[in-house]
Amino acid sequence: MARHLVTSALPYINGIKHLGNMVGSMLPADVYSRYLRLRGHDVLYICATDEHGTPAELAAKAAGTSVAEFCAQAHDAQKAVYDGFELAFDHFGRSSSHQNVEITQHFARKLWENGFIEERAISQVYSPVDGRFLPDRYVEGTCPHCGYDKARGDQCENCTRVLDPTDLLEPRSAISGSTELEIRETKHLFLLQSRLQHEVEAWVARHEADWPQLSSSIARKWLTEGLHDRAITRDLDWGVPVPADTWPELAAEGKVFYVWFDAPIEYIGATKEWADAAPDGETRDWKSWWYEADDTVRYTQFMAKDNVPFHTVMFPATELGVREPWKKVDVVKGFNWLTYYGGKFSTSQKRGIFTDAALETLPADYWRYFLIANAPESDDSSFTWEHFAATVNKDLADTLGNFVNRVLSFSRKRFGDEVPAGATAGEAEARLGEEIARLLTEYEEHMDTLQYRKAAAALRALWSAGNSYLEEKAPWLEIKTNPDGAALTLRTAMNLIHLYAIVSEPLIPTSAAAMRGAFALESDTATWVTPEEAKSLTTIQPGTPFTVPPVLFAKITDEDLEFYRERFGGSDA
């Protein structure tokens, strides 16, 4: 089977992420990785915390700790949340790893050797009180456009205007608060993207047919506007150091690489971390996934639209300029925004539902299913508690959960704790098998093409088919006149439960495991059910012991909704 490399946008280190971040990158990557593994493919799902840049230093300062200690603690805190969501990373690394440092410096040296990096003198804000140059985000002041008094030197969060530190009124140091700022000249390294424009255009043209329209349109927009040379170093204490063997003067000044230069390289770095972390007796070949792998690996990336330019244009430019055969992405699955009652989720303003609070409120499968079923693919989608409750109650509690509970409970009551035998399958079972095979084919097609809303709808239709069959056969009536017929109906429905357990696992892994574990099969090694196999519905044989699992999904009541709205904010958010 094919080898699939899967990565999702690296979550930034400064704080727990919100649901919009989850649905725009890591969760769909996890769903796809789980699906591919079930289909028998060799899959490597890599992610990491993005730990460099100004916000990490500022967050550490606010926490009263060193940046290294802050990042280590924040990494562990984020990983605990992702474990709670059952994100099945093969490795969840850190961009501050020595592996990423080594590979980032290697990339920089090669770009320099190939003429795609040059030193340039620029004017930059300097703080005599702090004794250092201030990167954009270390300068705060009043926005000249809207008057917001906490605007940063790169952007005003209030009106979203892009700024330069020199644009700010009454500028001050974000470190000391000093207003005694100067403009001084300093040197930085620039990546000469303008020289790579035509190569990037040709590369995009070869690949964009496999990308969603969102990703290709963003890439085309940036290419149409033209690629500009970009500073790739900063004056920070925390980051990948500029190597002294190549740029001794800049290294002596403590320059580090810009976070957007080293962060995408961490996909490679984290893969080497994964290889280096192999247990004794196991060898992992990280390079076979990344080097000279164009014909052997299919690489799919997942990210929200604000990250798309960096991965469809900027990082490919870097890889092309290195002039080495590093694997480039085949498919970039971009997502629009998930909003909270029509407004933006905001980490800095604590608006919306954050992933740790979500897990404290309801089990992970509730969130996983809702987010995938309402993924912001073709346009933005809005989270509301009312919509969330309606989806959970209708799809999970009523359609799937109720089907599982009433089939197993009724069969145990009438036939005991083993799967009943009953009559031979008839016309109704044949029609059901055909319908299940058709819907399963549809589900597979949507998963293969990364159409998440459609995939969730096809999965929901699979669950509904079982309910329709149950209503048609009505075993609670059938048993009065035809016990063997009722036993057949229940046995067939139990086979559906087992099938649902397998094909639902990418979206709701905990519930899928509970459904699968209801049957005491001597050997249950099935990883997938083909449409042809689905027609027979005979995996669960008569005499197989079973148990009734706890209720899979509890309904969300009006009282629950009132509590959630009060805690997180409702329609006036």
* Do K333 and Y452 pass the side-chain contact (heavy atoms from CB on, under 4.5 Å) test, and can you show the C-alpha distance, the side-chain angles, and the key distance before you say yes or no? -> CA-CA 11 Å; K333 175 64 175 180; Y452 285 98; 4.1 Å; yes
Worksheet entry | Full working for side-chain contact (heavy atoms from CB on, under 4.5 Å) between W274 and R284 | CA-CA 8 Å; W274 162 78; R284 296 172 177 173; 3.2 Å; yes
>> Let's go through S288 and R3 carefully: what are the C-alpha distance in whole Å and the side-chain angles of both, what is the deciding distance for side chain to side chain donor-acceptor pair (under 3.5 Å) to 0.1 Å, and is it a yes or a no?
In response: CA-CA 10 Å; S288 70; R3 302 176 79 211; 3.1 Å; yes
Set out, in order, the CA-CA distance, both residues' side-chain angles and the distance that settles side chain to side chain donor-acceptor pair (under 3.5 Å) for H106 and E324, then state yes or no. CA-CA 11 Å; H106 170 79; E324 292 178 337; 2.9 Å; yes
Subject >> Working for side-chain contact (heavy atoms from CB on, under 4.5 Å), residues E57 and L236 >> reply: CA-CA 8 Å; E57 288 195 1; L236 293 171; 3.5 Å; yes
Checklist entry - Does the pair L87 and L27 meet the rule for a side-chain contact (heavy atoms from CB on, under 4.5 Å), with working shown? => result CA-CA 7 Å; L87 301 184; L27 179 57; 4.2 Å; yes
Query raised in the report: Are K327 and E319 close enough, and set up right, to give a salt bridge (charged side-chain N to carboxylate O under 4.0 Å, His left out), and what steps lead you there?
Result: CA-CA 8 Å; K327 176 67 182 176; E319 289 186 292; over 6 Å; no
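Below 30°, between 30° and 60°, or above 60°: for W326 and W286 the angle between ring planes is below 30°, a parallel geometry. Between H75 and F92, the ring planes are parallel. Angles under 30° get that label, and only those over 60° would be called perpendicular. In this structure, H18 and F354 have perpendicular ring planes: the angle between them is above 60°, well past the 30° mark.
Side-chain atoms of T361 and R567 form a donor-acceptor pair, as typed in the model, at a separation below 3.5 Å. No hydrogens or angles considered: nothing links the side chains of Y82 and D30 as a donor-acceptor pair under 3.5 Å. Side-chain polar atoms of S194 and D229 form a donor-acceptor pair below 3.5 angstrom. With 3.5 Å as the limit, one finds no donor-acceptor pair spanning the side chains of T49 and Q78. For the 3.5 Å distance criterion, the side chains of D262 and H52 qualify, holding a donor opposite an acceptor. For the residue pair T339 and D380, no side-chain donor N or O sits within less than 3.5 Å of a side-chain acceptor on the partner. Q197 and E201 share a donor-acceptor pair across their side chains, judged by distance under 3.5 Å alone. Under 3.5 Å, the side chains of W238 and E51 contain no donor-acceptor pair of N or O atoms. With no hydrogens or angles considered, no side-chain donor-acceptor pair links E377 and N336 at under 3.5 Å.
Side chain of T355 to main chain of K17: a donor-acceptor pair is present (N/O by atom type, distance under 3.5 Å, no hydrogens or angles). Checking side-chain atoms of D90 against main-chain N and O of I46 turns up no donor-acceptor pair under 3.5 Å. Side-chain atoms of T7 never come within 3.5 Å of backbone atoms of Q301 as a donor-acceptor pair (strictly under, hydrogens ignored). Looking at R230, its side chain never comes within 3.5 Å of a backbone N or O of Q193 through a donor-acceptor pair. Counting only distance, with no hydrogens or angles, the side chain of N114 and the backbone of G321 share a donor-acceptor pair below 3.5 Å. Formation of a donor-acceptor pair under 3.5 Å by the D330 side chain with backbone atoms of T300 is not found in this model. Checked by atom type and distance alone, the side chain of T399 never pairs as donor or acceptor with a backbone atom of L396 at under 3.5 Å. Counting only distance, with no hydrogens or angles, the side chain of S97 and the backbone of G93 share no donor-acceptor pair below 3.5 Å. Side-chain atoms of S217 come within 3.5 Å of backbone N or O of L214 as a donor-acceptor pair. Side-chain N or O atoms of W367 include one that pairs as donor or acceptor with a backbone N or O of L362 at under 3.5 Å.
Within the 4.5 Å cutoff, no side-chain heavy atoms of V256 are placed close to those of V240. Residues F302 and C47 form no side-chain contact, since every pair of their non-hydrogen atoms from C-beta on lies 4.5 Å or further apart. V204 has its side chain within reach of R220: a pair of non-hydrogen atoms, C-beta onward, lies under 4.5 Å apart. In this structure the side chain of K555 never reaches within 4.5 angstrom of the side chain of V392, judged on heavy atoms. No side-chain heavy atom of F335 sits under 4.5 Å from any side-chain heavy atom of V23. Considering only heavy atoms from C-beta on, L10 comes within 4.5 Å of E266 through its side chain.
Counting non-hydrogen atoms of other residues, nucleotides and ligands closer than 6.0 Å to CD of E532 gives a total of 12 or fewer. With a 6.0 Å radius and a threshold of 12 heavy atoms from other residues, nucleotides or ligands, K305 has its NZ atom above the threshold.
Here the shortest heavy-atom pairing between R137 and P55 reads NH1-CG, 3.0 Å. In plain terms, the two heavy atoms of E442 and A458 that are nearest each other are OE2-CB, 4.0 Å. Across P11 and N21, no two heavy atoms sit closer than the pair CB-OD1, 4.4 Å. Considering all non-hydrogen atoms of both residues, V329 and Y299 come closest at CA-CD2, 3.4 Å. Across all non-hydrogen atoms, the minimal contact from N14 to A59 is CB-CB, 4.0 Å. Between L499 and I436, the shortest heavy-atom contact is CD1-CG2, 3.9 Å.
The residue from V31, T510, L38 that alone fulfils the side-chain contact (heavy atoms from CB on, under 4.5 Å) condition with E505 is L38. For the ring pair (Phe, Tyr, Trp, His ring centres under 6.0 Å) test with H311, the passing option among W222, Y267, W211 is Y267; the others fail. None of F383, Y341, Y369, Y340 except one satisfies the ring pair (Phe, Tyr, Trp, His ring centres under 6.0 Å) rule with F388; the exception is F383.
Ring pair F403/W463: centre-to-centre distance not below 6.0 Å. F257 has its ring centre less than 6.0 Å from the ring centre of F261.
In this structure, K287 is positioned above the aromatic face of Y291, its NZ or CZ under 6.0 Å from the six-membered ring centre and within 45° of the axis. The side-chain tip of K344 points at the ring of W337 from less than 6.0 angstrom away and within 45° of straight on.
In this structure, the separation between CH2 on W260 and OG1 on T318 is 11.5 Å, given to the nearest 0.5 Å. R37 contributes atom CZ, which lies 8.5 Å from atom CG of L44 (distance to the nearest 0.5 angstrom). Of the inter-residue distances, the one linking L371 atom CG with S381 atom OG reads 8.5 Å to the nearest 0.5 angstrom. Distance check, rounded to the nearest 0.5 Å: CD1 of I508 to CG of D395 gives 10.0 Å. To the nearest 0.5 Å, atoms NE2 (H4) and CZ (R39) are separated by 10.0 Å. With rounding to the nearest 0.5 Å, the separation of CD1 in I497 from OG1 in T539 is 13.0 Å.
No salt bridge links D136 with R152; every basic N to acidic carboxylate O contact stays at or beyond 4.0 Å.
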